[in-house]
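As structure tokens, the structure follows; a few thoughts come after it.
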Amino acid sequence: NGWLRHKGFTFDISSRGTGATILSPGAQAADGVVKTGDESYGYSSGLAELDEMLGSAVMSEIFYRQDIPTERCLAVIGYPDATAIGVRSAPNLIRPAHIFRYLKQAKLCELKASVDYFIDREAENGIWKIDERSSRYSQALAYFARSYGKLAAVLEEEYIFNWLAWDGDNILASGAILDYGSIRQFAAKHDKYRFKDVDRYSASLQEQRRWARVLVQVFAQAMAFIESGKKKNLRAFKDADCLKVFDQAFAAERDFRTLWRIGFEREQIDYLREHAKKEIRDFDKALNYFEDLKISRGIERLPDGFTHKPIFLIRNLLRLMPSYLLAQAIRRVDEEHAYMPPDVLCRMMAASYVSKKDLELTPSRKEHVQNLQQSYLRLLAALGKPFDETLKTLQARSTIINHRHRITGDAMVFIIEEIMSMKGKMNINGLQEALEAFIDSQVLIPGKWRPVEPEDLKGNTLRARLLQKIEANLEEFKESI
């Protein structure tokens, strides 16, 4: 649509659902322009559904307010036939695909122009400064590597599914989330989940890191083409320095997210990342053992794909562990009599759908339970503070960060249905207020979190009934994808 400048900052504005164009995904299969509304060629109609646009608006706003890089939705315009237009914005809506199309076609001038446009916008907005003493393209490549490394870690650690692929069509070039049609936030590590598209399955949660890394490799190919005028094969960049930058950015953000989920404050995180690298690695390894375990029933088919459910909900452990250890008045790592018994710890973080077989306490699993608690306490000890002082901080913060009613993809689907059912019954201001209350309750950051107040759930007003249904859906789907 264009752009908007506000307080010295430029935002791109774009709309979805405004009709089919030659750029519609189905146009290539149809070998020509597709008529608006024609769904014969996959994603070809040029239309968007109201429920998808509302879900995109709500989820993107929740992510944005939690400092997860993302587009935002400015407005959703609904129509009587349940289609809608979604108006979205970001400081830079350029996608990698916009750049890569010229790379694939070996069109040097167009490639350079698209990259220059992206760089100039980022510089104009003050997002990063260009050092005139070195190549702007090498600086851009380092920027891409850092941004994509950070995003890949955020997605993996926060259990966010975002179908990354080498073509870079469903992500912003700045390393932010775009297009929420297939975006899901999982309750746990559903790293076997795959989304079923028209003719193929998606990458999995853990494979997103590899694809983000491939995108950086393609950027390396593009920058080298711009600077040399010669297009080399992508394989020539398999050991490019920018990939090391990506790996470093991924590791740094992964460590931050791990410590954040435990409940440490930012100052404590900075200290531990500097002085407790081994303790962080040990805890991460101990946690991954439980995070990766899957139920014995095997693969489960879903309406939009398949998954293999995890046995344990790690956020439950991180939320409840500080309270247990505080009650035990533990003071040192070697006070193993105060540790949580293996059966109690496993039941505490187990999903409700697991079987007895899934919770079988083998000697190996008992050792892993012991190691997990030791690793957790060694992290606390690395701060050099009394355990009770640190545990009180973790208790207060992890209760919010790992809230039991954290939004999942399934919950969002049904919550949007509830919101749509109120359309025409509630006035628009009342509906907007209820939406804002829900969004605020999902900004799970200590100091920013604003839970829905118990008083707001009482009574039989339309607003109270909507909030009650939202709470019920959050409870019902708290363990899902």
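Values reported hereafter were calculated over all heavy atoms of this structure, with side chains retained and with hydrogens, waters and symmetry mates removed. Sequence positions, counted from 1, serve as the residue numbers for this chain.
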Just list the side-chain donor-acceptor pairs under 3.5 Å for residues 453-472, sequence neighbours left out, or say none.
unit_1, atom_1, unit_2, atom_2, d
Thr461, OG1, Ala464, N, 3.1
Gln468, NE2, Leu457, O, 2.5
Gln468, NE2, Gly459, O, 3.2

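Listed by chain and residue number, Ser480 satisfy the side chain to side chain donor-acceptor pair (under 3.5 Å) test with Thr408 (two or more places apart in sequence, or in another chain). Every residue two or more places apart in sequence or in another chain that forms a side chain to side chain contact (heavy atoms under 4.5 Å, CB included) with Gln395 is listed here: Pro322, Ser323, Leu326. Taking Phe9 as the reference, Phe11, Pro91, Asn125, Ile127 meet the side chain to side chain contact (heavy atoms under 4.5 Å, CB included) condition, with sequence neighbours excluded. When the side chain to side chain contact (heavy atoms under 4.5 Å, CB included) test is applied to Leu320, the partners found at least two apart in sequence or on another chain are Met348.
With a 4.5 Å cut-off on side-chain heavy atoms, Ile99 and Phe219 count as touching. Residues Pro310 and Phe290 form no side-chain contact, since every pair of their non-hydrogen atoms from C-beta on lies 4.5 Å or further apart.
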Discussion item. Between Leu380 and Leu325, is the side-chain contact (heavy atoms from CB on, under 4.5 Å) condition met? List the steps.
Written reply: CA-CA 12 Å; Leu380 269 63; Leu325 295 174; 5.5 Å; no

Worksheet item: What do the steps show when you test Phe63 against Tyr180 for side-chain contact (heavy atoms from CB on, under 4.5 Å), and what is the final call?
Response: CA-CA 11 Å; Phe63 282 3; Tyr180 278 74; 3.4 Å; yes

Practice prompt. Give the C-alpha distance, both sets of side-chain angles, the deciding distance and a yes or no for side-chain hydrogen bond (donor to acceptor under 3.5 Å, both in side chains) between Asp255 and Thr258.
Written response: CA-CA 5 Å; Asp255 289 350; Thr258 297; 5.4 Å; no

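With hydrogens and angles ignored, the 3.5 Å screen pairs no side-chain donor or acceptor of Ser204 with any backbone N or O of Arg194. Under the 3.5 Å distance criterion, the side-chain polar atoms of Asp12 are matched with a main-chain donor or acceptor of Leu93. In this structure a side-chain-to-backbone donor-acceptor pair under 3.5 Å is present from Asn427 to Gly430. Judged by distance alone, the side chain of Ser60 and the main-chain N or O of Ser56 form a donor-acceptor pair under 3.5 Å.
If you check the side chains of Asn92 and Glu122, you find a donor sitting under 3.5 Å from an acceptor. Using a 3.5 Å distance cut-off with no hydrogens or angles, the side chains of Ser352 and Glu479 do pair a donor with an acceptor. No side-chain donor from either of Ser398 and Arg319 sits under 3.5 Å from a side-chain acceptor of the other.
The stretch residues 428-446 participates, sequence neighbours left out, in these side chain to side chain donor-acceptor pair (under 3.5 Å) pairs: Arg65-Glu436, Arg65-Asp440, Asp440-Arg450.
Taking every heavy atom of both residues into account, Arg146 and Ala249 meet most closely at O-CB, 3.6 Å. Nearest heavy atom pair, residue Ala20 against residue Val34, reads CB-O, 3.2 Å.
Screening Phe306, Tyr201, Phe161 for a ring-ring contact (aromatic ring centres under 6.0 Å, His included) involving Tyr193 leaves a single residue, Phe161.
Tyr148 has its ring centre no less than 6.0 Å from the ring centre of Phe250.
Between the OG1 atom of Thr399 and the CG atom of Leu318 there is a distance of 11.0 Å, given to the nearest 0.5 Å.
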